[in-house]
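Take a look at the structure set out below.
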2 protein chains.
Amino acid sequence: MIEEKFKLENQLCFRLYTASRLLTQAYHPLLGEHGLTYPQYLVLLVLWEKDAQPVNDIAKRLLLETNTVTPLLKRMEAEGIVTRSKGKEDARQMIVRLTKKGHDLQKKLTDVPDTVGNAVICENVTPETVPGLFGMLDDIIKQLKQ
Amino acid sequence: MIEEKFKLENQLCFRLYTASRLLTQAYHPLLGEHGLTYPQYLVLLVLWEKDAQPVNDIAKRLLLETNTVTPLLKRMEAEGIVTRSKGKEDARQMIVRLTKKGHDLQKKLTDVPDTVGNAVICENVTPETVPGLFGMLDDIIKQLKQ
DNA sequence: GTTGTTTATATCGTTCACGATGCAAATGTA
DNA sequence: TACATTTGCATCGTGAACGATATAAACAAC
């Protein structure tokens, strides 16, 4: 008999991993239409809030390493969504800026948040319960960031 | 001014994605000690519950595609953790079985669930609130599976 | 100023994820 | 039995993630 602690049903991580994957998949057709991946969409969210950021600030905001973000940004540069240029004050930095195409994508993706948001609404996940879910996930993230 | 719906702080998916990544990272040192990755650990959880399963059953249980699971299992086979052999009733199936090494890993990993479990305990995430979190995540998963 | 350290980014290798496609075994139908 | 379809798995290509390492610029100490 398998111990309770090893049952898949008792694993928080498996739930987070699965929910994250499935929700990312829900974004896929909406973003793919515009040649974007989900992590690239996250970079856009960061740059729409504040344009012209160094790689490090983007990575820190997304809690990713630069070795993940750098290739991702180079692909976005190749797609003409962002530009990357050396910082003037600090020549080590690479400043990432939205192109017109990158900026304009916001209008084209205007329906994405609500479409995905509506896709998860169900019995126990409603506008009333989501804040509580956010709180717990934020707590987990804060805790694991140390 | 950026719209509310595009703010990173209002995204469920980003929270799930980040929490999943960070929690998986918490497993990394514990599993890496035994030459395992997190997805490989998930396969072990499935096989410890029930040995000798075809690739498809493992993939379905983890909500993954076989094209993800097949290479993963081949790596585990190369590590001597599982064997893969053609099914006798249905020659299309590949039956995956734990080796002694794979079976014995359970004892060696006995502390992993509690160690990781304790790492997430914090103010809003306690033995009392976790069932509610499980319920919401299960709801999201169920909803997105269609 | 020379040297040592830190910081910002990039490169490399490995392992997922996953869409698209291929192939052989099983199944269904005429 | 013949042929089409479905099923189970594998292969291929691309894009993340991430540990390890490299490189150049900035900074610090002497």
Side-chain angles (χ1 to χ4, degrees), chain A residues 13-14 16-29 31-33 35-43 53-79 81 84-96 144, chain B residues 13-14 16-29 31-33 35-43 53-79 81 84-96 144:
Chain A
C13 191
F14 176 60
L16 290 172
Y17 162 79
T18 302
S20 169
R21 280 180 33 249
L22 294 182
L23 193 46
T24 299
Q25 285 174 24
Y27 279 92
H28 193 263
L31 299 178
E33 199 178 331
L36 289 172
T37 64
Y38 180 70
Q40 290 172 11
Y41 174 68
L42 291 181
V43 169
Q53 295 192 53
V55 173
N56 213 17
D57 288 15
I58 298 172
K60 280 211 171 72
R61 193 78 207 289
L62 299 177
L63 300 181
L64 290 167
E65 301 298 320
T66 61
N67 57 1
T68 297
V69 174
T70 292
L72 202 156
L73 290 172
K74 291 176 90 169
R75 283 187 286 269
M76 293 177 78
E77 185 183 35
E79 296 292 328
I81 299 168
R84 302 184 319 128
S85 51
K86 276 200 175 168
K88 290 185 178 170
E89 314 149 27
D90 189 334
R92 292 170 304 179
Q93 291 185 334
M94 272 300 237
I95 310 296
V96 183
L144 294 173
Chain B
C13 192
F14 176 59
L16 290 172
Y17 162 79
T18 303
S20 170
R21 280 180 34 247
L22 294 182
L23 193 47
T24 300
Q25 285 175 23
Y27 279 93
H28 193 264
L31 300 178
E33 200 177 331
L36 289 171
T37 64
Y38 180 69
Q40 290 173 9
Y41 173 68
L42 290 181
V43 169
Q53 296 193 53
V55 172
N56 213 15
D57 288 14
I58 297 172
K60 281 212 170 71
R61 193 78 206 287
L62 299 177
L63 301 180
L64 290 167
E65 301 298 319
T66 61
N67 56 1
T68 297
V69 175
T70 293
L72 202 156
L73 290 171
K74 291 176 90 168
R75 284 186 285 269
M76 293 177 78
E77 184 182 35
E79 295 291 329
I81 298 169
R84 302 184 320 128
S85 50
K86 277 202 174 163
K88 290 186 179 170
E89 313 149 27
D90 189 334
R92 290 171 304 180
Q93 292 185 332
M94 273 299 239
I95 309 296
V96 182
L144 294 173

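Below, read A as the first sequence line, B as the second, and so on, with proteins coming before strands; counting in each chain starts at 1.
- Counting heavy atoms from C-beta outward, B:Q40 and B:L31 have side chains that stay 4.5 Å or more apart.
- With D:dC9, D:dA16, C:dT15 as the candidates, the nucleotide lying closest to the side chain of B:N56 is D:dC9.
- Between B:Q25 and D:dA17, a side-chain N or O to OP1/OP2 separation shorter than 4.0 Å is absent.
- For the pair A:K74 and C:dT11, the criterion of a side-chain N or O lying under 4.0 Å from OP1 or OP2 is met.
- Between the A:Y38 side chain and the B:F14 main chain, a donor and an acceptor come within less than 3.5 Å of each other.
- D:dG15 atom C1' lies 19 Å from atom OH of A:Y27, rounded to whole Å.
- For A:R84, a side-chain nitrogen or oxygen approaches OP1 or OP2 of C:dA10 to under 4.0 Å.
- In this structure, the CG atom of B:D57 is 15 Å from the P atom of D:dT7, given to the nearest Å.
- Residues forming a side-chain hydrogen bond (donor to acceptor under 3.5 Å, both in side chains) with B:E77 (at least two apart in sequence, or on another chain): B:R84.
- In summary, of the residues considered (A:L64, A:L72, A:L62, A:I58), a side chain to side chain contact (heavy atoms under 4.5 Å, CB included) with A:L42 occurs for A:L62 alone.
- Contact annotation: B:Y38 side-chain N/O to D:dA17 OP1/OP2 distance is not under 4.0 Å.
- If you measure from atom CG of B:L36 to atom P of C:dT15, you get 12 Å, rounded to the nearest angstrom.
- Residues A:Q93 and A:K86 have side chains not in contact (no heavy-atom distance under 4.5 Å, counting atoms from C-beta outward).
- Ranked by how close their nearest DNA chain C nucleotide is to the 5' end, A:H28 and A:I95 are led by A:I95.
- Atom CG of A:L16 and atom CZ of A:R21 lie 12.5 Å apart (nearest 0.5 Å).
- The local environment of CD in A:Q25 is crowded, with over 12 non-hydrogen atoms from other residues, nucleotides or ligands closer than 6.0 Å.
- Residues A:I81 and A:L36 form a side-chain contact, since some pair of their non-hydrogen atoms from C-beta on lies under 4.5 Å apart.
- A heavy atom closer than 4.0 Å to some atom of DNA chain D occurs in A:E89, A:D90, A:A91, A:R92, these being the qualifying members of residues 85-94 of chain A.
- Contacts between residues 59-71 of chain A and DNA chain C, defined by a heavy-atom separation below 4.0 Å, involve A:T66, A:N67, A:T70, listed by number.
- At least one side-chain nitrogen or oxygen of B:R21 sits closer than 4.0 Å to the OP1 or OP2 atom of D:dC18.
- Separating the OH atom of B:Y17 from the C1' atom of D:dG15 is a distance of 11 Å, rounded to the nearest angstrom.
- Taking only side-chain nitrogens and oxygens, B:T37 never comes nearer than 4.0 Å to OP1 or OP2 of C:dT15.
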